[in-house]
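To find a chain, count down the sequence lines: A is the first, B the second, and so on, and within it residues start at 1.
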Number of protein chains: 4
Amino acid sequence: MAGSVNKVIIVGNLGREPEVRTFSNGGKVCNLRIATSESWRDRNTGDRKERTEWHSVAIFSEGLAKIAEQYLRKGSKVYIEGQLETRKWQDQSGQDRYTTEVVLRPYRGEITLLDPRRDDGNGPRDGGSQQGGGYSGPSGYSDERNQRPDFDDEIPF
Amino acid sequence: MAGSVNKVIIVGNLGREPEVRTFSNGGKVCNLRIATSESWRDRNTGDRKERTEWHSVAIFSEGLAKIAEQYLRKGSKVYIEGQLETRKWQDQSGQDRYTTEVVLRPYRGEITLLDPRRDDGNGPRDGGSQQGGGYSGPSGYSDERNQRPDFDDEIPF
Amino acid sequence: MAGSVNKVIIVGNLGREPEVRTFSNGGKVCNLRIATSESWRDRNTGDRKERTEWHSVAIFSEGLAKIAEQYLRKGSKVYIEGQLETRKWQDQSGQDRYTTEVVLRPYRGEITLLDPRRDDGNGPRDGGSQQGGGYSGPSGYSDERNQRPDFDDEIPF
Amino acid sequence: MAGSVNKVIIVGNLGREPEVRTFSNGGKVCNLRIATSESWRDRNTGDRKERTEWHSVAIFSEGLAKIAEQYLRKGSKVYIEGQLETRKWQDQSGQDRYTTEVVLRPYRGEITLLDPRRDDGNGPRDGGSQQGGGYSGPSGYSDERNQRPDFDDEIPF
DNA sequence: TTTT
DNA sequence: TTTT
């Protein structure tokens, strides 16, 4: 449809290890189960309440699936951006059923790891990088950044 | 959970009229059915493909439900911001079923109408107020805007 | 930095025509000026107040720049997704100055037109394709949608 | 303006301690300086490049300012949702200058702490809370969650 | 400079 | 069931 947007942003923790499945055509999907939660105080009793929401995530982007598989673990905190998709399937009795997932397709999705870098003896990888010059010129614009982030050959975070 | 975010942003069109239901306790919910769609070109055949996604929206915020009921119609284009919630219910045979919706709760959701103002002969509804000075002072900050947007006693868009 | 997100989402109207500039190296930028506004009721006087915010947008993605140039006009309503960037420049007196813009770089930005299709006598431009079956299979997943949206050879909205 | 959205989402780290200032009228603002960064590989040299972007954040929401002051420190990782605002001021020579900030006003902004809970001897704070029943009833909806999150009397994360 |  |  002209002019539509379908976007989900989740920051939460994995409830279990990522699961990767390969299809007969060579394609892959990586499934995540992510928890978010909100808390509030009950209007009547004054008790503190909390509810956890569980999100099903399906990553079809090959680069992002590889990252998810390699770097995410049960308990990892992650930022996920994808789109809502509901798919129809049939249960054993032949009845229509629907499942809604947060889906990351190529070019339409993002993953950002939010776990602190466990510093395992190797030096700091995330020093205090600074604003960085070289970002001007006559037009006031530089084009050095107009490139595809490489997802595939390195750790992009 | 500490540090989680659960956010959905949808821009799409209503597939039918908003539906409002009142609960026995006086509460209300306004349900919307919103379509988004994406298109792509098939990698093999080169054909143009399109898929429409249907989103179920449930508005529990009283102010926003009123706005939805009053201003949204079948076909309306709208920006919706809410959170993902999956609720469990039992079908006739007693089996567990799950439904995922985009939910707008008080203080956690937003609606913005995107239909052009149809000027149907009635004059302008809002003077052409402009950028408005008075936005400085010693600190460089003014506090005049730090107020709750009124959703309830007027049309907020 | 590990694990960061820099995202701006704007829905507003163009205050003037898009401006395209070409750099000596062949690169292009398309600049937009977009207004958003919010209104509130003054806490003391009860008067209705409104403030318009003007956003400077710079599109470096070639495909998106082409779309912006071709389809956006003064007054157009548009959804923009980009990232915040502040660049430094020198004014005539040699003093450092800073300008903050919403920047759309390749693979990191989105444009969605929100103007209603003005049907100006020319027939429909796109058949009424519908939900489209073929979206299941043993895995419950189909891969037909895992493709790059084509921005370059057609109108993507 | 009818139908506009002005939203910024930042996940990054504080470059310095939060700064709180009080105005003569009793109002407060909490200012943050947050870094995000992106990296890419240079198209020509193949070198890994990185650029850090610094964001100025101004929190006018009293509840959120209190949280920021109390829980954020230099180095803290945080999710911030606010709106873009550009304000005009005069420099010493009387020239107009503009500063663009990410602003959190009451009811229009969000903060989520992303630092892992330093477990200082007290037991686990974030046990595996579960989906939680009690979320159904005839309508399939419960209203227990339709309440204002309390920001003011407790730690909301 | 837009929109309501 | 919407929109293009």
Rounded to whole angstroms, how far apart are [atom1] on [X] and [atom2] on [N]?
{"X": "His55(C)", "N": "dT2(E)", "atom1": "NE2", "atom2": "P", "result": "15 Å"}
{"X": "Asn31(B)", "N": "dT2(F)", "atom1": "CG", "atom2": "C1'", "result": "17 Å"}
{"X": "Arg51(C)", "N": "dT2(E)", "atom1": "CZ", "atom2": "C1'", "result": "15 Å"}
{"X": "Leu114(B)", "N": "dT3(F)", "atom1": "CG", "atom2": "C1'", "result": "13 Å"}
{"X": "Leu32(B)", "N": "dT3(F)", "atom1": "CG", "atom2": "P", "result": "15 Å"}
{"X": "Leu72(C)", "N": "dT3(E)", "atom1": "CG", "atom2": "P", "result": "13 Å"}
{"X": "Ile34(C)", "N": "dT4(E)", "atom1": "CD1", "atom2": "P", "result": "16 Å"}
{"X": "Lys77(B)", "N": "dT3(E)", "atom1": "NZ", "atom2": "C1'", "result": "17 Å"}

Going by ring centres under 5.5 Å and near-parallel planes (under 30°), is Trp54(C) stacked on dT1(E)?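 A stacking contact exists, since Trp54(C) sits close and nearly parallel to the base ring of dT1(E).
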State, with a plain yes or no, whether a side-chain heavy atom of Val57(C) is found less than 4.5 Å away from one of Ile10(C).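 Side chain of Val57(C) against side chain of Ile10(C), heavy atoms only: no contact under 4.5 Å found.
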Candidate nucleotides [options], ranked by approach to the side chain of [X] - the nearest:
{"X": "Ala35(B)", "options": "dT1(E), dT1(F), dT2(F)", "value": "dT2(F)"}
{"X": "Lys74(B)", "options": "dT4(F), dT1(E), dT1(F)", "value": "dT1(F)"}
{"X": "Asn13(C)", "options": "dT2(F), dT2(E), dT4(E)", "value": "dT2(E)"}

Is there a donor and acceptor pair, one atom on the side chain of Thr52(B) and one on the base of dT2(F), closer than 3.5 Å?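 Such a pair is found, so the answer is yes.
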Who passes side chain to side chain contact (heavy atoms under 4.5 Å, CB included) against Thr45(B), sequence neighbours left out?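 In terms of side chain to side chain contact (heavy atoms under 4.5 Å, CB included), with neighbours along the sequence ignored, Thr45(B) is linked to Asp42(B), Asp47(B).
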What residues, two or more places apart in sequence or in another chain, satisfy side chain to side chain contact (heavy atoms under 4.5 Å, CB included) together with Glu17(C)?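 Side chain to side chain contact (heavy atoms under 4.5 Å, CB included) list for Glu17(C), sorted by chain: Arg73(C), Lys74(C).
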I need the single residue from Asn31(C), Val29(C), Ile111(C) that forms a side chain to side chain contact (heavy atoms under 4.5 Å, CB included) with Ile59(C). Which is it?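 Result: among Asn31(C), Val29(C), Ile111(C), Ile111(C) is the only option passing the side chain to side chain contact (heavy atoms under 4.5 Å, CB included) with Ile59(C).
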